[in-house]
Number of protein chains: 2
Amino acid sequence: MSISTELSSPHNHTNCIATALNTATQLCFERGVQLTAIRQQVLELIWENHHAVKAYDLLERIKPLQSAAKPATIYRALDFLIAQGFIHRVESLNAFIGCCNLKTAHEQLLLICKQCNDVEERPANAVMQSLAQEFQNAGFTVHHQAIEIQGICATCSQLNKDEEIA
Amino acid sequence: MSISTELSSPHNHTNCIATALNTATQLCFERGVQLTAIRQQVLELIWENHHAVKAYDLLERIKPLQSAAKPATIYRALDFLIAQGFIHRVESLNAFIGCCNLKTAHEQLLLICKQCNDVEERPANAVMQSLAQEFQNAGFTVHHQAIEIQGICATCSQLNKDEEIA
DNA sequence: TTTCAGTTTGTTACAACATAACATATCAAT
DNA sequence: ATTGATATGTTATGTTGTAACAAACTGAAA
């Protein structure tokens with residue numbers, strides 16, 4: 001595992017992982033639910049970077065640790081992690097990412113870079129407010145929202161410009 | 001085919017279908033692309049109501065008309081219809097709906113009712129504007145956006161209230 | 001009218017994603 | 001020790017989607 005150069009904003013990813021795992025551990029304790037070995041391993045695998053991860057990739061990567069792992073093993077762990085809010089499902093990719101904002105926990109905007117595969121979560125408060133207004137106008141009661149934007153992130157855009165010049 | 005009572009706003013659905021097919025026919029002519037029999041039949045099947053339709057359901061329903069139909073038959077037609085903007089893929093359902101706003105053609109908000117399965121498209125201009133601002137803030141270049149909200153529509157909410165009282 | 005290129009469809013096979021159903025194991029509380 | 005709740009093992013299957021190549025169609029140029 002390396003500190004990727006692909007990340008949309010360069011950062012010490014070790015911190016991301018540590019924070020995510022510590023927070024998950026604490027929240028599980030508070031909620032009286034179990035962060036079992038399998039669940040924690042899946043969470044760690046998801047957090048290896050900021051890419052969206054496929055379920056069957058997780059399955060391959062967990063096999064060295066859990067030789068008995070089958071699809072259900074992964075999907076059950078994913079279900080748990082989603083229910084606890086530790087990860088998000090990216091609907092448009094059939095994939096999963098770690099949640100960067102465990103504490104604030106509001107629904108977020110996902111910016112998915114097709115070039116580097118990073119997914120950035122953004123609270124996007126202004127968007128969420130106008131959405132709330134729209135729901136009220138429509139008389140619509142929200143259970144779940146997925147706001148997924150595909151395109152090219154700022155970092156990749158800049159890289160592409162640099163390459164054009166060079 | 002009946003004029004459904006489930007629609008989020010009661011309407012003469014025959015008009016929806018006619019408008020969609022006429023507009024599609026005209027746009028294909030203008031663009032020099034072919035609205036073949038298969039493609040038109042798939043479009044008609046999708047437009048039978050305002051529900052999101054699954055690819056394999058379309059496959060079953062087109063077989064009386066196209067006995068040779070296979071998955072690829074449907075997915076090719078769907079790819080074409082999406083490329084022309086006549087239908088949308090609903091990412092969070094792995095399903096497809098007819099586009100209600102062929103002319104204006106901007107990306108829209110999808111309100112997906114889990115009770116009646118209707119999907120309502122809304123231009124939601126205020127939301128789109130704050131989204132655009134967010135993309136600018138992030139330096140993100142958008143290629144495709146999916147804004148999919150699951151919940152209970154106004155009609156079903158009202159029905160549920162009425163049932164509680166009765 | 002032939003021929004040629006581009007497009008569409010037929011066909012087979014398979015890849016990728018996800019769940020059902022039932023058995024087994026673990027573990028804390030009674 | 002028994003029980004109930006939770007978690008995992010295991011097998012099978014269901015669902016969604018694509019690759020690859022062959023055949024047919026279409027329209028325009030030679």
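To find a chain, count down the sequence lines: A is the first, B the second, and so on, and within it residues start at 1. Every value quoted in this text rests on a predicted model; they were computed, and no experiment measured them.
Phosphate proximity of D:dT8 to A:Lys70: absent, as no side-chain N or O sits under 4.0 Å from OP1 or OP2. Between D:dT15 and B:Lys54, no contact under 4.0 Å exists linking OP1 or OP2 to a side-chain N or O. Dashed line: the shortest gap from a side-chain N or O of A:Tyr75 to OP1 or OP2 of C:dA18 is under 4.0 Å.
Across the protein-nucleic acid pair, A:Leu78 atom CG and D:dT8 atom P stand 12 Å apart, rounded to whole Å. Taking atom CD1 on B:Ile74 and atom P on D:dT16, their separation rounds to 13 Å, with Å as the unit. Whole-Å rounding puts the B:Lys63 NZ to C:dT11 P distance at 12 Å. Distance B:Leu59 CG to D:dT18 P: 14 Å, rounded to the nearest Å. Atom CD in A:Gln66 sits about 11 Å away from atom C1' in D:dG9, given to the nearest Å. One interatomic measurement links the two molecules: CD of A:Glu60 to C1' of C:dA15, which rounds to 14 Å at whole-angstrom precision. When the C1' atom of C:dT9 is taken as reference, atom CG of B:Leu65 falls 16 Å away, rounded to whole Å. The nearest whole Å value for the distance from the CG atom in A:Asp79 to the P atom in D:dT6 is 16 Å.
Within the structure, every pair that satisfies the side-chain hydrogen bond (donor to acceptor under 3.5 Å, both in side chains) test and touches residues 83-92 of chain B, not counting sequence neighbours, is listed here: B:Arg31-B:Gln84, B:His88-B:Glu121, B:Arg89-B:Glu91, B:Arg89-B:Asn94, B:Ser92-B:Glu148, B:Ser92-B:Gln150.
Among the heavy atoms of the strands, none lies under 4.0 Å from B:Ala69.
For A:Tyr56, counting side-chain heavy atoms from C-beta on, the closest listed nucleotide (C:dT11, D:dT10, C:dC17) is C:dC17. Comparing C:dA20, C:dT11, C:dG10 by their nearest atom to the side chain of B:Ala72 picks out C:dT11. For A:Pro71, whose side chain is taken as the heavy atoms from C-beta onward, the closest listed nucleotide among D:dT10, C:dT19, C:dT11 is C:dT19.
The base of D:dG9 sits within donor-acceptor range of the side chain of A:Arg76, with an N or O pair under 3.5 Å.
In this structure, the side chain of A:Asp57 does not engage the main chain of A:Val53 through any donor-acceptor pair within 3.5 Å. Of the possible polar contacts, none joining the B:Lys54 side chain to the B:Leu59 backbone as a donor-acceptor pair under 3.5 Å is found. Of the possible donor and acceptor atoms, one in the side chain of B:Thr23 sits under 3.5 Å from a partner among the backbone N and O of B:Thr19. Checking side-chain atoms of A:His143 against main-chain N and O of B:Cys113 turns up no donor-acceptor pair under 3.5 Å.
A:Asn160 and A:Glu164 share no side-chain donor-acceptor pair at under 3.5 Å.
Of the residues in residues 24-40 of chain B, not one comes within less than 4.0 Å of DNA chain D through any heavy atom. Contacts between residues 86-94 of chain A and DNA chain C, defined by a heavy-atom separation below 4.0 Å, involve A:Arg89, A:Asn94, listed by number.
Note: A:Phe135 and A:Phe140 have tilted aromatic rings, judged against thresholds of 30 and 60 degrees for the angle between ring planes.
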Does A:Gln129 form a side chain to side chain contact (heavy atoms under 4.5 Å, CB included) with A:Gln133? I'd like the steps, not just the answer.
CA-CA 6 Å; A:Gln129 277 187 14; A:Gln133 183 61 57; over 6 Å; no

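Atom CD of A:Gln145 is separated from atom CD1 of B:Ile112 by 11.5 Å, given to the nearest 0.5 angstrom.
Counting heavy atoms from C-beta outward, A:His50 and A:Asn117 have side chains that stay 4.5 Å or more apart.
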